[in-house]
Every structure is written in structure tokens, then in C-alpha cells.
**Q** 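What follows is a single structure, and I will ask about it in a moment.
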Amino acid sequence: MLPTLGDVLCLDAVRRGQPHVVAGGDRLDNRVRWVHVAEVTDIAHLLHGGELVLTTGIALPDEPERLRAYIAELAEVGVSGLMIELGRRYADALPPALLAAAEEHRLPVVMLAHEPAFVDITESVHARIVQDQYAELRASERLHEIFTQLSVEGASTEEVVRQTAALGGHAVVLENLSHQVLAADADGRDPAELLSAWETRSRAVRPGQRTAYDAASGWLVTMVGARGEDWGRLIITLGAPPTARDTVLIERAATTLALGRLLDRHAESVERQAHGTIIARILEHSYSDPQEAAARSRALGVPLSGRRLIGVVLRTRGHAQPAEVSELAEVAAAACKDARLAALVGVLDEGGPSARVGVLASLPARSDPETALTAVATRVRKQSDGVMAAGSVVSSIRDVRRSFLEADQVADVASGSSGDRLFYRMPDLRLRGLLHLLRDDARIQTFVERELGPLLEYDAERKGDLTHILRLYLDAGRNKAVAAQKAHLSRPAFYERLRRIERVLNADLDDVESCVSLHVALLALSSLRQDRQ
């Protein structure tokens, strides 16, 4: 990191000259790339920007117009500042024309009241620049070593995110393309506060480059993916413009995450890891406050507060290999999505003899648990010969452990029996089911964002309901009268909403192909959000 002009003014070699900032005092954060001593006025064409120009002023002209031109040329080339020594050319003050031009062009001018040794200043500043660059190089090398080691050891997504937060000293969040949190480390902050209304806040951050800083949110954001297929974003909540080290940190962390997902093809998906971590910590009572568990789960698209919760355990018959348990977890996750059941699904006690799949099902208050579990069990049975057991329905996160203990006991008995019980049949797949199956595919998430992103952002910024109106219109087969009635709006009001949707999406709602595409995107969005309405 290059020193600022303010840093230079604090160096002993400069302070001996009794420096006084006489113009451009609001630009002391200019970075100093180099120091250049120049006693001629036509020096600008030899500079490249970022230089601190030192001069005695001996060759500066008397004419105000030429002084203004001198300052303008320096400002145009992008010098960081001008430092003028008194005594040789000017006795006790600098010309008003020079100072006025410097203020106009926002060029910092420093007056040295005492004659310094310019060589001491150049040596001090250049030494500082070289030291800072060396320190930055060492820091970058250290980050490379740490993340290389994490890659070699096959570190989990949670571990990579945790290390990133520890190294940067800021909260770190990994999300998918639908702005659902896959992993987060609050770095000592309140996780519930960090993840509050995450999707709405994240949608508002739209950097124009692959790695960029968003000043409004204070977030440093980079895309995560490999081979041209991005599947998520990594975010560091800085609160201030990033340093070069921050940028290296987030990009190195993103590379490690992408490489881990690319190489470890037979391991759990990132989503399964995130889900399993939350379930395990709930069972171990690792969260100091149940609301932290609720916040982390909600950021993954699974609400736990005010819901009916069921602990579910799935086991293979006999001793299972780790790959078989992981495969069963993916089957269970797909089954929950097909059944539109909000659930955390992950492997518990992974790698041990008691490894099994845990499902924390979350149902709305008025739903029928038996029907939901039947749908999941039917899907699982078509893909696996494993057994599924459920605990009692509870209404508090604190009681989830009891529900899982009951499910574990039932699963132990069922896995050794020859019973073939099913809860209920799986819903018809068709298009909605297909979108549920492909829910974690980055291409589906990208399609949803491309089709509905502007409308979702419009609703998030204005707390509007245009997405809901569009869904009613398409679900009604584009029958405006029926849709207006379902929306409890007059026809003129409903028609105006449709025109607004067309403007926001730049789409024609009378075009069949456009409506089909938007309807598919809405179905996919419903799957991504695990909408229960």
C-alpha cells in the first residue's frame, strides 16, 4: 500500500522542514508513488502521476497566468502534491495566484518554512514506499500459503469462511446466486444482525466487476466459480474502502472455495455442508442463543421461528460407506424440495459408524405433518432402500434435540427390520417438480435472476407486490379479470400494475413466449425460496 501525503508529512525528514499545508488540505489522502525534485516549470510531460514534486521555486515565473498554467499541468498529470521550500525564491509566503490555482484544481501544496535536505526527504519517502510494498508482498505470500494449505487439506466451506474472517478481521458471508447464505462468520458480531433481511440487502449490491467494492453497503464482493460457471458470491463486510490486502484475501478465498467444489466431486455439496453444520450445532447446543440458529437457517431459506419442527433421520440398511450416506443426503434434500418442504438436510456424525442423514423439517402452523412426511418418504424410497424415521412435532428450537433423539431411536429399530412402511406418495413432478430438482443448479439461479431480477429489486426497494401480481396473472392463464379478482383490485388498478411490470422488465405480457419464460422463472423462484404460501 502506497503512503498518503498525510503519511509523508509525518516523516521526520519532512517535519524538520516545518511543513504547512497551504492549499488542497482536503486531499492529503492522495497516494504518493514517488518523489521527484524539479526546478523547471515544464516538468509535467515527464511525470506519470502519483509523484510528490519538490522544488525551491527558484525557476517559477512571476506572471500569475504562467503560475496558474504550471499548477494546472501538474494537476492534469495527476501528481499527488507540490512541496515548495521558502527562502530561495519566496521569503515568507507563496504567490496568491499559485494558491488560488491549487485550490481550484484541488492540488495539495505544502510550504516548507525551514530549509530541509531534499535528499533526506526523497530517501525517507522512497524507503517507506519500498518497505510498504515489501510488507504487502509478504502479506500476499502469507495468504497464498494459508489458502494453499486449506486446499491441500480439503478444508470445508465453513473453515475457509472462518479463516477468511479471522485473517481480515471482518464478517464474511458466502451466498449462492439466489442470495441465500451458504456459510457465514460474524467475526464476533451478532450473527442475527449480520444476516437480518439478507436477501433484500444483498440484491441491492450489484458491483460492475468480478471483484468490486460497494460504497453504499461497505461490502467487498467477488464472484465464486470455476471454468466459467459462477455459483456464488463471497462478501466481506468492510465498512470502508478495501486495502490491496483485502482484495487479495477475498480473491484467494474465492479461488479456494471454487477449487474445493471443483475437485471434491463426491463430497457433500456446499448446501449440504451448511445445513448439516446448523443441525449439528443445534443438537450440541453450541449456539448461545437459539435466535442465532434461526437467523442462520432463515438466511439459507429455511424459517424456524413460529413453525412446526420435526426431527427426521434417514439411515441405510446395514453398514454404509461415507459416499452412500452423502448420496442419501442428496436424495433426501431433493425429496424435500420436490415436496415443497422447507428443511435443513445434512450428514450427522460424518465418517463415523453412526453416520446418518438428519432432516430438520419446518412446516407452517396449519400444515399436516403426515402429508409432508409421506411426500418425502415416497421420493426417498424411489431412489434408495434406506429407512426414514421422524420424531415428535415440536414448536421450539430448544426442543429439536428431543425430536431428533426420538427419530434416532426409531431409525435404529427400523434399519434392522424387514418392514417396508411408506408415509405417502410423492407429488406429480411435471415442470414444478423438475425445477425443484434443479434448484441448486447455478444455471437455474442465473435464469431466475435474468428474468425476474429487475422486478425483485424493484419490489425490494419499494416494498412492492409486483412479483405477486405477476404470479397471479400467469397462474390465472393470463385472464386479467380473474387475476384482478384474486388480487382484490379493481380492473383499472390491476391493469396499471401490469403496465408497470412491463416497464420494469421491458417485456410484453401479451407475448406468449415471454409469459411462458416468466412463469417458469416464477416457479423456479418459488422453489429457490421454498415458498409455502
**Q** For atom CZ of R142, is the number of surrounding heavy atoms from other residues, nucleotides or ligands below 6.0 Å larger than 12?
**A** no
**Q** Of S362, S367, S395, which is the lone residue that meets side-chain hydrogen bond (donor to acceptor under 3.5 Å, both in side chains) with R307?
**A** S362
**Q** Is it true that, when you exclude R401 itself, more than 12 heavy atoms of the residues, nucleotides or ligands shown sit nearer than 6.0 Å to its CZ?
**A** no
**Q** Is R443 salt-bridged to E229, cutoff N-O under 4.0 Å?
**A** no
**Q** Taking atom CG as the centre, does N506 end up with more than 12 heavy-atom neighbours from other residues, nucleotides or ligands that are less than 6.0 angstrom away?
**A** no
**Q** Within a 6.0 Å radius of atom CZ on R201, are there more than 12 heavy atoms belonging to other residues, nucleotides or ligands?
**A** yes
**Q** Go through the side-chain N and O atoms of T4 and D29 and say whether any donor and acceptor fall under 3.5 Å apart.
**A** no
**Q** Return yes when atom CD of E496 has more than 12 non-hydrogen atoms of other residues, nucleotides or ligands closer than 6.0 Å, and no otherwise.
**A** yes
**Q** Can the ring centroids of H179 and W198 be said to lie less than 6.0 angstrom from one another?
**A** no
**Q** Which heavy atom in V110 sits nearest to a heavy atom in P19, and how many Å separate them?
**A** CG1-CB, 3.7 Å
**Q** Taking all heavy atoms of R296 and all of L195, pick out the closest pair and write down the distance.
**A** CA-CD1, 3.7 Å
**Q** Please report the closest heavy-atom contact between A332 and V357, naming both atoms and the distance.
**A** CB-CG1, 4.2 Å
**Q** Is it true that atom CZ of R398 has more than 12 heavy atoms of other residues, nucleotides or ligands lying nearer than 6.0 Å?
**A** no
**Q** Between E449 and R203, is there a salt bridge with N-O shorter than 4.0 Å?
**A** yes
